[in-house]
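Note on naming: letters A, B, ... go to the chains in the order of the sequence lines (proteins, then strands), and numbering restarts at 1 for each one. Heavy atoms only: backbone and side chains are in, while hydrogens, waters and symmetry mates are out. Please read all numbers here as calculations on a predicted model, not as lab measurements.
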2 protein chains.
Amino acid sequence: MSEVFEKLSGLDRLVHEPARLAVLTALSVCRKADFMYLLRLTGLTKGNLSTHLTKLEAGGLIRIEKKFVGRKPNTMLALTRKGRTAVEKHWRELDELRASSRDWDPTEE
Amino acid sequence: MSEVFEKLSGLDRLVHEPARLAVLTALSVCRKADFMYLLRLTGLTKGNLSTHLTKLEAGGLIRIEKKFVGRKPNTMLALTRKGRTAVEKHWRELDELRASSRDWDPTEE
DNA sequence: CATACTAGTTTGTATTGCAAACTAGATGCT
DNA sequence: AGCATCTAGTTTGCAATACAAACTAGTATG
């Protein structure tokens with residue numbers, strides 16, 4: 001019954017990491033956002049945001065689209081379908097784990 | 001209004017790390033647990049659990065009590081007051097951040 | 001007495017997360 | 001035109017993880 005804590009301790013770090021959880025959650029609400037927007041939103045440094053995004057792309061959770069707007073470069077980010085399910089699942093899991101830890105009885109098993 | 005994502009990306013890593021979140025949450029429910037119990041509960045390896053516990057103690061979130069039960073060593077873990085507030089705060093923050101990201105309007109600001 | 005078990009800790013390594021330094025092109029100044 | 005500055009990122013270097021395998025100290029067992 002209580003593999004709750006086993007699950008908790010095994011949460012997917014790619015999604016769970018605070019900066020990435022913020023990015024993924026933001027993208028799950030606004031569907032698309034560019035680099036500079038996410039930069040302001042999260043308060044991360046550029047280098048930091050850049051590597052987190054690369055990591056998310058490598059994991060197949062987001063798509064990175066580079067194009068030119070006028071003559072300026074612009075990097076657009078969006079969740080992949082996999083990414084969307086991953087964030088949603090992660091928050092659901094957190095909710096559930098929190099809830100079931102609440103009414104967990106340590107004296108059993 | 002929406003420093004939500006800034007907060008999200010700045011979550012306290014000492015508490016947020018999955019293994020430690022599991023340990024802290026378990027301790028917040030059962031008040032006291034020994035090493036072997038947490039080991040089974042979380043599914044971590046001994047080495048891993050050991051270092052996480054040391055880190056939590058260093059951060060003042062738990063107390064580690066070593067004594068002998070009969071002639072066998074036994075390590076008891078419990079939250080400090082600081083630890084208790086930290087876990088509770090962390091879960092509350094996750095809840096809140098999740099909630100406010102839901103009804104965040106990307107078109108504003 | 002030696003072999004195995006219990007309850008952990010230490011060590012070695014590969015992976016991170018981070019900011020500072022760098023890059024490439026666009027824009028502004030004189 | 002020539003040089004500095006700005007914009008939008010990426011790469012680099014490093015300190016801090018997280019992890020399991022190897023180790024330790026003491027106990028029980030044959």
Side-chain angles (χ1 to χ4, degrees), chain A residues 5-27 32-59 61-78, chain B residues 5-27 32-78 90:
Chain A
F5 297 97
E6 216 158 323
K7 273 192 167 184
L8 236 183
S9 62
L11 285 170
D12 181 1
R13 227 173 287 284
L14 180 60
V15 179
H16 194 62
E17 198 285 324
R20 282 180 314 246
L21 187 57
V23 168
L24 292 172
T25 304
L27 287 176
K32 248 171 181 257
D34 67 10
F35 188 93
M36 294 310 291
Y37 183 69
L38 287 179
L39 190 66
R40 270 147 213 148
L41 202 64
T42 58
L44 298 167
T45 59
K46 290 193 236 176
N48 220 336
L49 177 57
S50 177
T51 45
H52 280 307
L53 292 175
T54 305
K55 214 155 278 187
L56 287 173
E57 189 191 31
L61 302 188
I62 66 169
R63 225 167 332 100
I64 302 185
E65 257 170 78
K66 283 155 200 286
K67 45 179 182 171
F68 278 79
V69 173
R71 348 190 82 198
K72 284 188 182 173
N74 181 264
T75 305
M76 263 300 191
L77 296 319
Chain B
F5 298 97
E6 216 158 322
K7 273 193 167 182
L8 236 183
S9 61
L11 285 170
D12 182 2
R13 231 171 278 287
L14 180 61
V15 179
H16 194 62
E17 199 284 325
R20 280 178 318 242
L21 187 57
V23 168
L24 292 172
T25 303
L27 288 177
K32 248 171 182 257
D34 68 10
F35 188 94
M36 294 311 290
Y37 184 70
L38 287 178
L39 190 66
R40 270 146 212 147
L41 202 65
T42 58
L44 297 167
T45 59
K46 290 194 239 174
N48 219 337
L49 177 57
S50 176
T51 45
H52 280 307
L53 291 176
T54 306
K55 214 156 279 189
L56 286 173
E57 190 191 31
L61 301 188
I62 66 170
R63 225 167 329 103
I64 303 185
E65 256 168 79
K66 286 156 197 286
K67 44 179 184 173
F68 278 79
V69 173
R71 345 189 85 197
K72 283 188 183 175
N74 181 264
T75 304
M76 264 300 194
L77 294 319
H90 198 83

Nearest heavy atoms of [X] and [Y], plus distance in Å:
X     : Y     : result
B/F35 : B/L53 : CD1-CD1, 3.7 Å
A/D34 : A/L77 : C-CD2, 3.9 Å
B/T42 : A/S9  : O-OG, 2.9 Å

What is the distance, to the nearest angstrom, from the [atom1] atom on [X] to the [atom2] atom on [N]?
X     : N      : atom1 : atom2 : answer
A/L49 : D/dT10 : CG    : P     : 9 Å
B/K55 : C/dT9  : NZ    : P     : 14 Å
A/L14 : C/dG17 : CG    : P     : 9 Å
B/L53 : D/dT17 : CG    : C1'   : 16 Å
B/L44 : D/dA21 : CG    : P     : 14 Å
A/L21 : C/dG17 : CG    : P     : 13 Å
A/H16 : C/dT16 : NE2   : C1'   : 15 Å
A/Y37 : D/dA8  : OH    : P     : 16 Å

Quick one: which protein N/O atoms are closer than 3.5 Å to N/O atoms of nucleotides 4-7 of chain C? Pair and distance per line, please.
| unit_1 | atom_1 | unit_2 | atom_2 | d |
| --- | --- | --- | --- | --- |
| C/dA7 | N7 | B/K46 | NZ | 3.1 |

Ignoring backbone atoms, test whether [X] places a side-chain nitrogen or oxygen under 4.0 Å from the OP1 or OP2 oxygen of [N].
X     : N      : value
B/S50 : C/dG8  : no
A/H52 : C/dC18 : yes
B/N48 : D/dA18 : no
B/K66 : C/dT9  : yes
B/R20 : D/dT17 : no

Exercise. At what distance, to the nearest 0.5 angstrom, does CG of A/L44 lie from OG of A/S50?
Worked result: 11.0 Å
For this session: Would you give the length of the straight line joining atom CG of A/L27 to atom CZ of A/R20, rounded to the nearest 0.5 angstrom?
Result: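 Result: 13.5 Å between the selected atoms.
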Problem set entry | Residues that B/T25 engages under side chain to side chain donor-acceptor pair (under 3.5 Å), provided they are two or more places apart |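 Listed in chain order: B/W91.
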Exercise. What residues, two or more places apart in sequence or in another chain, satisfy ring-ring contact (aromatic ring centres under 6.0 Å, His included) together with B/H16?
Worked result: A/H16, B/H90
Please list every donor-acceptor pair under 3.5 Å in which a side-chain atom of residues 56-64 of chain B meets a protein atom from a residue at least two apart or in another chain.
| unit_1 | atom_1 | unit_2 | atom_2 | d |
| --- | --- | --- | --- | --- |
| B/R63 | NH2 | B/L79 | O | 3.3 |

Seminar exercise, completed: Intra- and inter-strand pairing of DNA chain C, written as dot-bracket with Watson-Crick and G-U pairs under 3.5 Å and | for the latter, reads ||||||||||||||||||||||||||||||
For this session: For B/R40, enumerate each residue passing the side-chain contact (heavy atoms from CB on, under 4.5 Å) test, keeping only those at least two apart in sequence or located in another chain.
Result: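 Only B/M36 meet the side-chain contact (heavy atoms from CB on, under 4.5 Å) criterion with B/R40.
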For this session: Go through C/dC18, D/dT10, D/dC19 for me and flag the one nearest to the A/T51 side chain.
Result: C/dC18
